[in-house]
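Everything on this sheet refers to the single structure shown next.
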Amino acid sequence: MDISTLSRAQITLMGSACCTMLTMHFTVQLLSQHLFYWKTPKEQKAILIIILMAPIYAINSFVGLLDVQGSKAFFMFLESVKECYEALVIAKFLALMYSYLNISMSKNIVPDGIKGREIHHSFPMTLFQPHTVRLDHRTLRLLKYWTWQFVVIRPICSILMITVQILGIYPTWLSWTFTIILNISVSLALYSLVMFYHAFAKELAPHNPLAKFLCIKGIVFFCFWQGLVLEMLVAVGVIKSHHFWLDVEHLEEALQNVLVCLEMVVFSVLQQYAYNVAPYSGDVERKMKLNKHE
């Protein structure tokens, strides 16, 4: 195939397809390793759901490129699929942390060794909570509720947004209302996970939780903020449509999807480190034994 005969749209589509396939390759590689060393099902089930976030985002964005002139409702549906899965991943990440600490999700029983530990809230949460609180079952339950509220709110908002878009009654004020609600909701969920990490940092240290969390937060961060930046660039006229067959609104969606396809390759590689199979394959135990003998 002569690349010089291809249009920009075809080259972009081929490049995005290659990025999507690379993301799937790295994810399937890691997934198959965990399935081969299926040692701790409770933890590894959560890990499998989390690492599938990158290929789902990539495939979702690639589908958006295949129908780059799709309707507003179509793009809203694709966005909702990504964000609903994001909510599931956040819930599974919390479940993974509970599993590492051997805490029951339903009982919220704090181990005696860490009961009473101080947690320091930061602004703006200090407007609603004391600056310093002691870790007990009530605090733990509150952090869990702050995480899970996004798991509930995100799908409800998605269904409502798609419904009003199809019905043709989607004014600007309603769009901004949904945006504000969802941003507050996801910010609260991510904040509670950060607080949870700080509360149990010592106990979680062997499991490398920060790298695991940053993989999730990185995907959410890049997708949200680059979408916001693209909207601003379109609004001020920096991004303009030079194609008579593609208006500026669809061009913005296409740029967002291309960027997501590229970024998911990076995150699928980072997940190889953050969610490495070594703790379940016995490699870590063997290295510790060798170090002791030395």
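The residues of the chain are indexed from 1 along the displayed sequence.
Remark: Leu101 CG to Glu203 CD distance equals 6.5 Å, nearest 0.5 Å. Note that OH of Tyr145 and CZ of Arg141 are 5.5 Å apart. Values are rounded to the nearest 0.5 Å. Between Ile156 atom CD1 and Met161 atom CE the span is 13.5 Å, to the nearest 0.5 Å. We find the CD1-OG distance between Ile159 and Ser80 to be 9.0 Å, quoted to the nearest 0.5 Å. The CG atom of Leu52 sits 5.5 Å away from atom CG of Leu31, with the distance rounded to the nearest 0.5 Å. To the nearest 0.5 Å, atom OG of residue Ser61 and atom CD of residue Glu79 are 8.0 Å apart.
Closest non-hydrogen pair, Val260 versus Tyr57, comes out as CG1-O, 3.8 Å. Nearest heavy atom pair, residue Ala58 against residue Cys261, reads O-SG, 3.8 Å. Nearest heavy-atom pair across Asn276 and Leu30 is CA-CD1, 4.4 Å. The two residues Ala87 and Val151 have their closest heavy-atom pair at O-CG2, 3.3 Å. Closest non-hydrogen pair, Leu65 versus Ala254, comes out as CD2-O, 3.7 Å. Shown here for Ile50 and Gln271, the closest heavy-atom pair between the two residues is O-NE2, 3.8 Å.
In terms of modelled atom types and a separation under 3.5 Å, the side chain of Ser281 and the main chain of Ala278 share a donor-acceptor contact. Remark: the backbone N or O of Gln29 is paired with a side-chain donor or acceptor of Ser32 at under 3.5 angstrom. Distance alone, capped at 3.5 Å, is enough to place a donor-acceptor pair between the Thr27 side chain and the Thr23 backbone.
Side-chain heavy atoms closer than 4.5 Å link hydrophobic residues (I, L, V, M, F, W, Y) into clusters, and following such links, even through other members, never connects Trp176 to Val164. Under the 4.5 Å side-chain heavy-atom criterion for grouping Ile, Leu, Val, Met, Phe, Trp and Tyr, Leu174 is connected to Ile169 within one hydrophobic cluster. Follow the hydrophobic side-chain contacts under 4.5 Å out from Val194 and you reach Val186 in the same cluster. Met21 and Ile51 fall into different hydrophobic clusters, where Ile, Leu, Val, Met, Phe, Trp and Tyr residues are linked whenever their side-chain heavy atoms come under 4.5 Å apart, directly or through other members. In this structure, Tyr273 is not a member of the same hydrophobic cluster as Val277, with clusters built from ILVMFWY side-chain heavy atoms closer than 4.5 Å.
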field: side-chain contact (heavy atoms from CB on, under 4.5 Å) evaluation trace for Tyr85 with Val81
entry: CA-CA 6 Å; Tyr85 196 81; Val81 169; 5.7 Å; no

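For Leu270, the side-chain contact (heavy atoms from CB on, under 4.5 Å) criterion is met by Cys215, Val266, Phe267, not counting sequence neighbours. Checked against side-chain contact (heavy atoms from CB on, under 4.5 Å), Ile153 has the following partners two or more places apart in sequence or in another chain: Gln149, Cys157, Ile181, Leu182, Ser185. With sequence neighbours excluded, the residues that form a side-chain contact (heavy atoms from CB on, under 4.5 Å) with Ile59 are Thr20, Met24, Val63. Applying the side-chain contact (heavy atoms from CB on, under 4.5 Å) test to Cys84 and every residue at least two apart in sequence or in another chain returns Arg154, Pro155, Ser158. For Glu43, there are no salt bridge (Lys or Arg N to Asp or Glu O under 4.0 Å) partners at least two apart in sequence or on another chain.
Tyr275 carries Lys212 over the face of its six-membered ring, with the cationic atom under 6.0 Å from the centre and within 45° of the normal.
Two residues are said to be in side-chain contact when any heavy atoms from C-beta on lie closer than 4.5 Å; Pro209 and Met97 meet this criterion. Counting only heavy atoms from C-beta outward, the side chains of Trp148 and Leu94 approach each other to under 4.5 Å. For the pair Phe93 and Phe213, the minimum side-chain heavy-atom distance is below 4.5 Å. Leu193 places none of its side-chain heavy atoms less than 4.5 Å from the side chain of Trp146. Contact check for Ile56 versus Lys82: no side-chain heavy atoms found under the 4.5 Å cut-off. Taking the side chain as every heavy atom from C-beta outward, Glu86 and Ile216 never approach each other to under 4.5 Å. By the 4.5 Å heavy-atom criterion applied to side chains, Gln44 and Leu35 are not counted as neighbours. No side-chain heavy atom of Phe62 sits under 4.5 Å from any side-chain heavy atom of Asn257.
Using a 30° and 60° split on the angle between ring planes, Tyr98 and Phe196 fall in the parallel class, below 30°. Ring geometry for Tyr100 against His207 counts as parallel: the plane angle stays under 30°, on a 0 to 90° scale with 60° as the upper cut.
In the displayed structure, Phe77 atom CZ is contacted under 6.0 Å by at most 12 heavy atoms of other residues, nucleotides or ligands. More than 12 heavy atoms of other shown residues, nucleotides or ligands fall within 6.0 angstrom of atom CH2 in Trp38.
Applying side chain to side chain contact (heavy atoms under 4.5 Å, CB included) to Ser192 and the options Leu142, Thr147, Ile90 leaves one that passes, Thr147.
With a 4.5 Å cut-off between side-chain heavy atoms of Ile, Leu, Val, Met, Phe, Trp and Tyr, the cluster of Val269 takes in Leu22, Phe26, Val265.
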